[in-house]
Protein chains: 2
Amino acid sequence: MNNRDRILEEARRLMNAHGAQAIGTTQIADALGISPGNLYYHFKNKEEIIRVLFDGLERAFRDVLTVDVDPPIGPARFAGFYLRSFDVVWEYRFIFGGLLNLLRRDEDLSRRYQEMQAWALKNLEAIARQVAEDGNMSKPRGRNGFRSVALNTWLIWSNWIRHVQISSPDHAIVRADMGSGMSQLFDVLAPYLDPDFDRAARRVLAREFTASSADG
Amino acid sequence: MNNRDRILEEARRLMNAHGAQAIGTTQIADALGISPGNLYYHFKNKEEIIRVLFDGLERAFRDVLTVDVDPPIGPARFAGFYLRSFDVVWEYRFIFGGLLNLLRRDEDLSRRYQEMQAWALKNLEAIARQVAEDGNMSKPRGRNGFRSVALNTWLIWSNWIRHVQISSPDHAIVRADMGSGMSQLFDVLAPYLDPDFDRAARRVLAREFTASSADG
């Protein structure tokens, strides 16, 4: 790994562990045993590091929702969208814990997050509509139907990290917490999904989550 | 209003407008045209001001969920729980925008927030169970039934402020945004509520929210 990538990786690790606010370029350089000058050769400041990390988040997230969306969407593939989206949120959890502060400090990041969110809602809605067309989901109740369900799953997904950190005594979070987040998210979808489809999707979540947890 | 209350009120107003992080004791004293010494006579530091404001939030929130819970719970009263809880979140929106940062800095506040959350989830679950006993709600699907629905409504309620602030170009939020938050929250409950009960409750929300919005 070259120095630039090592800096990015260490910044992500430290911010995930302590929050973006608590970590500066000094801590990152110290942790790597490199000089501040070496770090500044690659990045102007902490904000630039965060922007480049956000590129990685965005790329990973867009991959999750664009790969493999041809109909019909079976339960394993449906579960896969959520499973992999929780992998992404876990990998970049520092961004979701202190999101509003990060965005308030950086207008460019803010605009990009808003675009990602708009794109995600459109795609989450499209996936749900496809599952309905396939005959495995009924039209959601409420004024905005599919759109509202997409937004509720987005709200749970994007706030789950913060919820767990707020709820645990030392604000710690472990990978297994992503499993309970997915279960919460599925409970928003459950009343509209065909019961067999729902059960099959949850079995995939449970199995794949257990398997991937073992990797750390 | 005495000076102590004026300080609290101005602190809440400034933090609601600019976020808790951007506001210090200097800005609060300046805005009131009082000396820092006068402010420090009443409060040791900004953290103490936030703790006292949190007392107010907690009192208001516990009032919402304890007043008037005798069965049966009709649609107007059911809507009222959510209506008034969104009033509370709006009044103390600075707390919900940057919650994790506030709690990370103050262990006592963190513990109190966790207790309030646990109490809220218990009460939200009890209200839903009562509506079901009254014959106006079916048992929610998913592994944890009523508990899971209570948690999903809590997640939407406690994260709605942040979601709106993140989603708007200048991170601004207006009181009318609370109306769309309530509508999102009701879409979690909708599939389990008796359709007539749901419609009646939403009519109350729409009407009372429009009325209270006019007050500013």
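Lettering follows sequence order; numbering is per chain, from 1.
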Novice: Below 4.5 Å from any heavy atom of chain B, which atoms of A:Gln117 appear? Answer side chain, backbone, both or neither.
Specialist: side chain
Novice: For A:Ser167 and B:Gln114, which I'm curious about, is there any donor-acceptor pair between the side chains at under 3.5 Å?
Specialist: no
Novice: Identify the two heavy atoms, one from B:Gln165 and one from A:Leu100, that lie closest to each other, and give their separation to 0.1 Å.
Specialist: OE1-CD2, 3.1 Å
Novice: Between B:Asn101 and A:Asn101, is any pair of side-chain heavy atoms under 4.5 Å apart?
Specialist: yes
Novice: Considering only heavy atoms and a distance below 4.5 Å, find which of B:Val149, B:Leu185, B:Leu151 pairs most often with chain A.
Specialist: B:Leu151
Novice: Quick one: closest heavy-atom pair of B:Pro169 and A:Glu107, and the distance?
Specialist: O-OE1, 3.7 Å
Novice: Under the side chain to side chain contact (heavy atoms under 4.5 Å, CB included) rule, what do A:Asn152 and B:Asn152 come out as? Steps first, then yes or no, please.
Specialist: CA-CA 9 Å; A:Asn152 275 340; B:Asn152 275 340; over 6 Å; no
Novice: For B:Arg105, is it the side chain, the backbone, both or neither that has a heavy atom under 4.5 Å from a heavy atom of chain A?
Specialist: side chain
Novice: Starting at CZ of A:Arg162, measure out to CZ of B:Phe96 and round the result to the nearest 0.5 Å.
Specialist: 9.0 Å
Novice: Which atoms of B:Leu193 are under 4.5 Å from chain A, going by heavy atoms: the side chain, the backbone, both sets, or neither?
Specialist: backbone
Novice: Pick from B:Pro195, B:Gly98, B:Ala22, B:Ala118: which one has the most heavy-atom pairs with chain A under 4.5 Å?
Specialist: B:Pro195
Novice: Testing the basics here: between A:Tyr192 and B:Asp187, what is the closest heavy-atom pair and its distance to 0.1 Å?
Specialist: OH-O, 4.0 Å
Novice: Tell me, with the steps shown, if A:Leu155 and B:Asn159 meet side chain to side chain contact (heavy atoms under 4.5 Å, CB included).
Specialist: CA-CA 8 Å; A:Leu155 287 171; B:Asn159 289 299; 5.5 Å; no
Novice: At their closest point, which heavy atom of B:Leu103 faces which heavy atom of A:His171, and how far apart are they?
Specialist: O-NE2, 3.5 Å
Novice: Working to the nearest 0.5 angstrom, can you tell me the gap between A:Ser158 OG and B:Ile166 CD1?
Specialist: 7.0 Å
Novice: May I have the step-by-step check of side chain to side chain contact (heavy atoms under 4.5 Å, CB included) for B:Gln21 and A:Arg104, ending in yes or no?
Specialist: CA-CA 11 Å; B:Gln21 280 214 291; A:Arg104 269 189 158 135; over 6 Å; no
